[in-house]
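What follows is a short report on a single structure.
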There are 2 protein chains.
Amino acid sequence: MVRMADVARAAGVSVMTVSNVLNERLPVGESTRARVMEAVEALGYEVNLTARHLRAGRTDTVAFVVPSFHDYFGELADQVAPLVEAEGRHLVLERTSANAEQEMEALSVARLRIYDGVLLSVAGLDLETLARVRTAKPIVLLGERDVPEHFNHVRLANESGAHLATAHMIERGSRRILALGCSPDATHMMTDRRVGWENACHEAGLAADPAYVVPVSDYTSLGGREAMLKVIASGLPFDGVFAVTDIVALGALSALADSGLRVPGDVQLAGFDNLDMSRFIPPGITSVDVNREGVAEAAVGLLHRQMSGWTGPAEHVVAPVRLVVRGSTRGGA
Amino acid sequence: MVRMADVARAAGVSVMTVSNVLNERLPVGESTRARVMEAVEALGYEVNLTARHLRAGRTDTVAFVVPSFHDYFGELADQVAPLVEAEGRHLVLERTSANAEQEMEALSVARLRIYDGVLLSVAGLDLETLARVRTAKPIVLLGERDVPEHFNHVRLANESGAHLATAHMIERGSRRILALGCSPDATHMMTDRRVGWENACHEAGLAADPAYVVPVSDYTSLGGREAMLKVIASGLPFDGVFAVTDIVALGALSALADSGLRVPGDVQLAGFDNLDMSRFIPPGITSVDVNREGVAEAAVGLLHRQMSGWTGPAEHVVAPVRLVVRGSTRGGA
DNA sequence: CTTCCGCGTTTTATCGATATATTGAGCGCG
DNA sequence: CGCGCTCAATATATCGATAAAACGCGGAAG
């Protein structure tokens, strides 16, 4: 590997001069600069970032730690990237193992320290694990779980979103709406969405029957599909489905289609996240838009503030949502 | 920050002993080890990975460089991650700018050097840019463009896949099949898929009319939808659509549905990539399955070989594909 | 009783850059 | 002619760890 010292020797100057030329820190004479640049070209020198990081204490890199590279997180990451780059830093994605146990083990605190800042998606992390993360490193948490007070945190208006979607379907005639992917469990990640569904039902004078809260084995389309098929087979009457995510909604749509149920004629369907695909899947999936751009801006903004040395109290942002009505509910385009 | 030296002082030993305890390199006496561990706990010491990287020359990290975190690459990355982790390394994703110009500028060679190995997706990179990348770093390229001989490369059986999909639709009755997202341009990334479409047409005694090669503005569902709408508006008669990717196929499906054309009754539709969602989008999108797991294994395998010091000639793997028949073509489930 | 050996531990050198202090050359001005 | 001033360039110390060699000590071999 060609080092800065090699360039210095070739150009007949000291290493500091090479450093100064490359980083434009201290002024360097024109002729000297030219000789240095020439040597750099000739030897094909590239700075060793690891060494720079050690000495400078900065990496100019931000990590976005996600549970999986799929779907929602992939789309969110694409929003985050340009914002981070706009401040002259790089963004890298790291994946935590799917299971909570290994999570902070595989992705140790030591590892997080190599970044100037970290956006940490907390799906799958429990409070206790999180509380153990004590570091001065700027961190912003994203996700729908409760988190320790002292962390900056960006979450969605889950309850409000679920309420919007459910109320919309009720207004358009549904009377028995499933909460697909929700769980009766109070500490569950999707609790707020279930509560929004419940409230919307109650406000309309409908029962929020626990039998209509249908958990899924996992938050995939397959999980949604299988849960949906089970409900259909059970004979439980329903005329609307609020799915906790668009991915789950897609599984439900698939099951409904296979069972000869028409959307939105027989059953209205609404999801959450408003993924890119939801707009295009016939008849268009009505979905709660989480304003990924806004979430990304809030998170990166908080992170940037911390990285700039802000030491005020942590902030807990709830990103507003809105309902995008499409063909899977009546009155949609 | 608490350093190894602080731990050493607290435990009354030298830094090397601390290092030896933590890395289990040289044997350390039981009582000494206990004292060291105690000090580590008490001070909450975490190793500084940057310093270790500089000294050790390894980062135990592999980068997967993708054009975007979306869709295909997100799903592929999720396949790659466990394979990399199985060898005791970390995987991080880096995104190149969408445009080819900045690509290797934003993501400099210097940056790639901080990784022990790099999987580089070449969508959007041109040969010339690529040829400038001269480094001893283990690199494996992924993607459908031609690349310099000396790089290891994993690509898909594009022609064969397009052929399979097209021939299948012909067999099931289509006579006028659009090649959506293909380009007449010979150097184009999607050339092989167009050729597969052409060959399948010719073999069936059908014309591969250039008018049926319909480019898209970009490889998104919106791009696919708009191109599809334009074709429908033009009145060009067709009864089948081969879309270059599932994302584009989804856009086409959306346009067809909005135009009252039934799939597969009026128009058969097939895509490429077999994304997770394609299985669930009613009526199920027939797609060329690219065996992401196999691609991931091949790529990581080649990379691993290079990282282990292999210096034989570069390998160019063509990953086999197969057709998954679903409801968007006749005879599908 | 000396010499050698093995084990645990410390010493020293190094990875490749950058921050800070210092040296040195050139120049204006009295 | 010499004093001080500026600007360019160098020397030195440092970031925090690890590799490799040196070292001290007790027991076995000669």
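Every heavy atom of this structure was used, including side-chain atoms; hydrogens, water molecules and symmetry mates were not. Every chain is numbered from 1 and lettered A, B, ... according to where its sequence line falls, protein lines coming before strand lines. All of these numbers come straight from a predicted model, not from anything done at the bench.
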Under 3.5 Å donor-acceptor, A:H53 side chain and A:Y115 backbone: no

Hey, is B:R292 close enough to B:D276 for a salt bridge, meaning N to O under 4.0 Å? yes

Mark yes or no for whether B:R155, through its side chain, and B:E144, through its backbone, hold a donor-acceptor pair below 3.5 Å. yes

Send over the distance from A:E30 CD to D:dA9 P, rounded to a whole Å. 10 Å

Scan A:T32 against the nucleic acid and name what it touches under 4.0 Å (heavy atoms): base, sugar-phosphate only, or nothing. sugar-phosphate

Spacing between A:L49 atom CG and C:dC15 atom C1', to the nearest angstrom: 15 Å

Any donor-acceptor pair under 3.5 Å from B:D78 side chain to B:E75 backbone: no

Round to a whole Å and report the spacing from CG of B:L54 to P of C:dA13. 18 Å

Side-chain donor/acceptor of B:D116 to backbone N/O of B:D60, under 3.5 Å: yes

Whole-Å distance, B:E24 CD to D:dT18 P, equals 13 Å

Quick check: does any side chain N or O of A:N20 sit under 3.5 Å from a backbone N or O of A:R25, one acting as donor and the other as acceptor? no

Between protein and nucleotides 17-25 of chain C, map the contacts as a letter string: B base, S sugar-phosphate only, - none, heavy atoms under 4.0 Å, written 5' to 3'. BBBB-----

